[in-house]
Amino acid sequence: PLPFSSSRAHSLTTSHRTTPLFHLPLEFTVSLATSLDATAAYLFSPAPLSTLYSMQYTSFTAHSLSPPHPHLLTHTQYVTQSRSHANSRRTSRFIPYREPRGRAEDPFQTVDENEPSQSAAGSAEVRDDPGKVTYRMLLKNELLGAGVDQMQGDDSPPSATKGRKVLSFKTSASASGSSSVFQPQSPFSLSPIGADSHKLLASPRKIPRKVPKVPFKVLDAPDLQDDFYLNLVDWSSQNVLCVGLGSCVYLWSACTSKVTKLCDLRSDVGDTPDLVTSVKWMGRGSLLAIGTTQGIVQIWDSVKCQRIRSMTGHSSRVGALAWNSHLLSSGSRDRKILQRDTRAAEPFQDALLSHKQEVCGLEWSPDEQHLASGGNDNKLFVWKASYTQPAHRFSDHTAAVKAIAWSPHQHGLLASGGGTADQCIRFWNTLTSQPLQSVFTKSQVCNLAWAKNSNELVSTHGYSQNQIVLWRYPSMTQIATLTGHTYRVLYLAMSPDGQTIVTGAGDETLRFWNVFSKSRSPKQSKSVLNLFTHIR
């Protein structure tokens, strides 16, 4: 038998034994046997192609060597002798080296349209360009027969080609009814595109959403603390921004750009060091609540720059504050949430004691009936007004829960974000105490805020990307990702008109971004519970 390394190749050459090789000249016999060996090795051996070419070429130049009969050589001896003779005799012939091509490098392999590709997922410019989107849909109509007749947004990608064959029979246009030469489905039409493409070009265009990638204003904020558990930035309904810097509180008017120093805690407590740990504006007034490291909550009148009262009750720093009309809720490192009525003489009326570690997030619902609290114990509680036991307990987060936001568009919808070990935004139905969905953000979630005029959500993040992400709810598709801060984006506040947000970070800067639309969406709810849609 011939010296094949593969048993399959040996079985394929057994049919050649009917013509003995020794009846032919020795030189031609060696060449023919080696050629068959190289051909079979090319088909069944994983060796590089250059090695096989070298073996085949050296067989035709072996006349002067008079080698032994190839039947008497082993495969290793035969390859070694062929290579040594190729090195001894130099020729001008160029033998290319070809890498074995795998399936991953095959340019003709089939691609599933429904599989997300890296180029499609990462090309935000192509997705934002309406001209390229229209051109891509026209190609699908004319080449693949997709049947797309209207522009589709990012939330619902076109899926008309799913389950369709590229080559399929179509009904003739004349069989469906009468046609005119001016219509695209007519066989005498001069239009180069079909009826679906005409409908696609005639469909209304949706103006693409343009979110500025850079802030329109940047303010310096020296001594802005890089602490995840603090809340040092808030924006009032009177368009005044409040920032806690070290032991001082400053006010910045968005209308006049005037900066006012409201207070300095060092002058109040003497030599005892005291820092601002939280600030919160009253909903519709000019009162400002300030929490300190000594566990004291102060109420200030921002117009008169005068302190109204100081309330005790906490034994450690106050990192979270939330207003509900005249009721003020304060959360502290001592694990307590105190409910205070600013009109009463007592410092607090009720104490909520369910958290096991520091309370770092507080937020009242828009209807002022429920209070959401998050803590460093990875727990999220929902409390009813005037109750001392939580109505709902959520423990799905695996890190501290600071980011809390109630939806102003859907009753009972609550969003929360976890810290570095969790990195998830979770949504809850507080009416049924059921989790809705969860989104993995790949970074620490520091703050959440709902848009006032649209069903969108903005989140700020820390480790490891320090980005600001704008989401569309409920699909949770990313509209835009904003970068610029070099430290964790720990602070977030929204302007009264709902169009601008301000973010603060440990890089001691405040950045202003235009992310939301100012006009309210004209869409009305189709629910039967909406009484205004049925008034005649």
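Note that the coordinates shown come from a computational prediction; the quantities given were computed from them, not determined experimentally.
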*I would like to know whether S247 and R266 meet side-chain hydrogen bond (donor to acceptor under 3.5 Å, both in side chains); could you show each step before the answer?*
CA-CA 6 Å; S247 60; R266 289 176 298 183; 3.1 Å; yes
*Please assess S330 against H314 for the test side chain to side chain contact (heavy atoms under 4.5 Å, CB included), listing each intermediate value before the final yes or no.*
CA-CA 9 Å; S330 60; H314 290 294; 2.8 Å; yes
*In sequence, state the C-alpha distance, the side-chain angles, and the governing distance for V515 and E456, and then conclude on side chain to side chain contact (heavy atoms under 4.5 Å, CB included).*
CA-CA 10 Å; V515 294; E456 297 173 350; over 6 Å; no
*List the steps and the verdict of side chain to side chain contact (heavy atoms under 4.5 Å, CB included) for L457 and L448.*
CA-CA 7 Å; L457 185 74; L448 290 172; 4.2 Å; yes
*Worked check of side-chain hydrogen bond (donor to acceptor under 3.5 Å, both in side chains) between T398 and N378*: CA-CA 6 Å; T398 58; N378 310 341; over 6 Å; no
*Give the intermediate values and the outcome of side-chain hydrogen bond (donor to acceptor under 3.5 Å, both in side chains) for residues N376 and Q357.*
CA-CA 5 Å; N376 197 32; Q357 293 189 34; 3.0 Å; yes
*Is there a side chain to side chain contact (heavy atoms under 4.5 Å, CB included) between L201 and I193 once you walk through the steps?*
CA-CA 10 Å; L201 295 177; I193 59 178; 3.7 Å; yes
_Audit row: F427, W471, ring pair (Phe, Tyr, Trp, His ring centres under 6.0 Å) steps and yes/no_ = CA-CA 13 Å; F427 297 88; W471 308 84; 8.9 Å; no
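A pairwise comparison of heavy atoms in P408 and P366 identifies CA-CG, 4.3 Å as the closest pair. The nearest pair of heavy atoms linking V276 to V249 is CG2-CG2, 3.7 Å. Scanning all heavy atoms of the two residues, the minimum distance from C255 to N239 falls at SG-ND2, 3.5 Å. Nearest approach of L224 to G244, heavy atoms of both residues: CD1-O, 3.8 Å. Minimum interatomic distance between S443 and Q467 (heavy atoms only, all atoms of both residues): OG-NE2, 3.3 Å. Heavy-atom minimum distance, L262 versus S302: CD1-CA, 4.3 Å.
Within the 4.5 Å cutoff, the side chain of L287 has no heavy atoms near those of the T342 side chain. At least one side-chain heavy atom of I501 sits less than 4.5 Å from a side-chain heavy atom of I468. Annotation: side chain of F216 is in contact with side chain of T500 (closest heavy-atom distance under 4.5 Å). Side-chain contact between H461 and V445 is present, with at least one heavy-atom pair separated by less than 4.5 Å. Inter-residue side-chain proximity for N447 and V489 is flagged as unmet; no heavy-atom pair is nearer than 4.5 Å. Counting heavy atoms from C-beta on, the side chains of L380 and I404 come closer than 4.5 Å. Within the 4.5 Å cutoff, side-chain heavy atoms of S257 are placed close to those of W252. The closest side-chain heavy-atom distance from N466 to T486 is not below 4.5 Å.
Separating the OG atom in S354 from the CZ atom in R335 is a distance of 12.0 Å, to the nearest 0.5 Å. One distance of note links CG of L413 with CG of L431; it measures 9.5 Å at 0.5 Å rounding. Note that CD1 of I479 and CG of L470 are 4.0 Å apart. Values are rounded to the nearest 0.5 Å.
Residues forming a salt bridge (charged side-chain N to carboxylate O under 4.0 Å, His left out) with D497 (at least two apart in sequence, or on another chain): none. For A320, the side chain to side chain contact (heavy atoms under 4.5 Å, CB included) partners are N231, L362, not counting sequence neighbours. For T432, the side chain to side chain donor-acceptor pair (under 3.5 Å) criterion is met by N429, not counting sequence neighbours. Checked against side chain to side chain donor-acceptor pair (under 3.5 Å), E368 has no partners two or more places apart in sequence or in another chain. Taking the side chain to side chain donor-acceptor pair (under 3.5 Å) definition, one finds that T481 meets it with Q478, sequence neighbours left out. Applying the side chain to side chain contact (heavy atoms under 4.5 Å, CB included) criterion to E346, with sequence neighbours excluded, gives A344, Q349. Not counting sequence neighbours, W323 has no partner by the side chain to side chain donor-acceptor pair (under 3.5 Å) test. Under the rule for a salt bridge (charged side-chain N to carboxylate O under 4.0 Å, His left out), the partners of D226 that lie at least two apart in sequence or sit in another chain are R488.
Under the 3.5 Å distance criterion, with hydrogens and angles disregarded, no donor-acceptor pair is assigned to the side chains of Q238 and S286. Checking W428 against S416 by side-chain atom types alone, a donor-acceptor pair falls below 3.5 Å.
Among residues at least two apart or in separate chains, there is no ring-ring contact (aromatic ring centres under 6.0 Å, His included) pair with a member in residues 475-499. The list of ring-ring contact (aromatic ring centres under 6.0 Å, His included) pairs with a residue in residues 337-361, not counting sequence neighbours, reads H355-F381. Among pairs with a residue in residues 432-452, those fulfilling ring-ring contact (aromatic ring centres under 6.0 Å, His included) read W450-Y473, at least two apart in sequence or across chains.
In this structure, the side chain of S316 does not engage the main chain of D334 through any donor-acceptor pair within 3.5 Å. No donor-acceptor pair closer than 3.5 Å links the side chain of D422 to the backbone N or O of H397. S332 contributes a side-chain N or O that, together with a main-chain N or O of R317, makes up a donor-acceptor pair within less than 3.5 Å. Of the possible polar contacts, one joining the K402 side chain to the L230 backbone as a donor-acceptor pair under 3.5 Å is found. Checked by atom type and distance alone, the side chain of N141 pairs as donor or acceptor with a backbone atom of V148 at under 3.5 Å.
Atom CZ of R426 has more than 12 heavy atoms from other residues, nucleotides or ligands within 6.0 Å. Residue R309 qualifies as enclosed at atom CZ: its count of foreign heavy atoms under 6.0 Å is above 12.
Just one residue in the list K280, Q339, E363, R340 forms a side-chain hydrogen bond (donor to acceptor under 3.5 Å, both in side chains) with S329, and that residue is Q339. Under the side chain to side chain contact (heavy atoms under 4.5 Å, CB included) rule, V297 has a single partner from L338, I290, T292, L328, which is L328.
For the pair K452 and F516, the NZ or CZ position fails the cation-pi test of under 6.0 Å to the six-membered ring centre and within 45 degrees of the ring normal.
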Name each donor-acceptor pair under 3.5 Å that joins a side chain in residues 383-395 to protein atoms two or more places apart or in another chain, with its distance.
{"unit_1": "W383", "atom_1": "NE1", "unit_2": "S373", "atom_2": "OG", "d": "2.8"}
{"unit_1": "H392", "atom_1": "ND1", "unit_2": "S433", "atom_2": "OG", "d": "3.4"}
{"unit_1": "H392", "atom_1": "NE2", "unit_2": "T430", "atom_2": "O", "d": "2.7"}

